[in-house]
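This report concerns only the one structure given below.
These numbers were taken from a predicted model, which means no experiment stands behind them. Order of the sequence lines sets the chain letters (A, B, ...), proteins ahead of strands, with each chain counted from 1.
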Protein chains: 2
Amino acid sequence: MGFDPKSLTFTDAGLIPAIAQDAETGDVLMMAWMNAEAVKRTLDTGRVTYWSRSRQAFWVKGESSGHVQELVDFRLDCDRDCLLVTVRQTGPACHTNRRSCFYTAVRDGEEVELMQPMS
Amino acid sequence: MGFDPKSLTFTDAGLIPAIAQDAETGDVLMMAWMNAEAVKRTLDTGRVTYWSRSRQAFWVKGESSGHVQELVDFRLDCDRDCLLVTVRQTGPACHTNRRSCFYTAVRDGEEVELMQPMS
């Protein structure tokens, strides 16, 4: 079945959450948002492209930092309202310079930092 | 640092997306939503508990189906606006009876089904 980005279910703001997972390690790296055009660009270019809600602009991941995400596989969920992209991540995915944005755990009621920024 | 669910960043509807990942295989199983109380209940009980937007009710995953998610680790992202729970998943995570909700890939412009329902 041919895939049409418009067949996805978007929020009222026209967005869909996209989870980025490291294709090699399986680590979940980040979650950000795409609109239909960002989905199309991601598939067409193989460069993962989000929609920045704060800047209201397309955000080709790594375009300025060099920390690009090369698309390995593109998946959608049963409700067509969430995406999973497996990626080859260059360097850190997080703006804090950590490999993953999910570097804080809650254990025994306390926040624990699991990762250091990459050098 | 002590963790307070209210310190998370919620949508206008008071929700935060939560990604569930299989603690053993690393597979991303599903994404659903929590409110502050669901976060608290998840941490207090060790049973992953979402907020059902359609039913407007707490949704203790697997309560009716038996396909429970036992919490292994609870993480938050750098912006405190997305959660990652690693879980021990009993049976399928998806309501279609598949292990993961992300069973559809887009490859060469076509939708491809990667997983069969569990028997």
Measuring from atom [atom1] of [X] to atom [atom2] of [Y], what distance do you get when rounded to the nearest 0.5 angstrom?
X: B:Leu84; Y: A:Leu29; atom1: CG; atom2: CG; value: 10.5 Å
X: A:Thr104; Y: B:Phe3; atom1: OG1; atom2: CZ; value: 10.0 Å
X: B:Cys94; Y: A:Asp77; atom1: SG; atom2: CG; value: 7.5 Å

Below 4.5 Å, heavy atoms only, C-beta onward: do [X] and [Y] meet side chain to side chain?
X: B:Phe102; Y: A:Cys82; value: yes
X: A:Asp79; Y: B:His95; value: yes
X: A:Glu111; Y: B:Arg75; value: no

Residue pair B:Gly2 / A:Glu110: nearest heavy atoms and the distance that separates them = N-OE1, 3.3 Å

In short, B:Val106 meets A:Asp73 closest at the heavy-atom pair O-OD1, 4.5 Å

With a 4.5 Å cut-off on side-chain heavy-atom distances among I, L, V, M, F, W and Y, is there a chain of contacts connecting [X] to [Y]?
X: B:Trp59; Y: B:Leu71; answer: yes
X: B:Leu15; Y: B:Met34; answer: no
X: A:Met31; Y: A:Met115; answer: no
X: A:Leu76; Y: A:Tyr50; answer: yes
X: A:Trp33; Y: A:Phe74; answer: no

Contacting moiety of A:Gln21, where chain B heavy atoms sit under 4.5 Å | side chain

Chain B contact via A:Ile19 - which portion, at a heavy-atom distance below 4.5 Å = side chain

Which bit of [X] is near chain A, if near means a heavy-atom gap under 4.5 Å: side chain, backbone, both or neither?
X: B:Leu43; value: side chain
X: B:Thr96; value: side chain
X: B:Arg98; value: neither
X: B:Asp44; value: neither
X: B:Leu83; value: backbone

Considering only heavy atoms and a distance below 4.5 Å, find which of B:Arg80, B:Met30, B:Glu113 pairs most often with chain A.
-> B:Arg80

Just give me the residue among B:Cys78, B:Gly26, B:Ala105 that pairs up with chain A most often, heavy atom to heavy atom, under 4.5 Å.
-> B:Cys78

Give a yes or no on whether A:Glu63 atom CD has more than 12 heavy-atom contacts from other residues, nucleotides or ligands under 6.0 Å away.
-> no

Any chance CD of B:Glu24 has more than 12 other-residue heavy atoms, nucleotides or ligands included, within less than 6.0 Å?
-> no

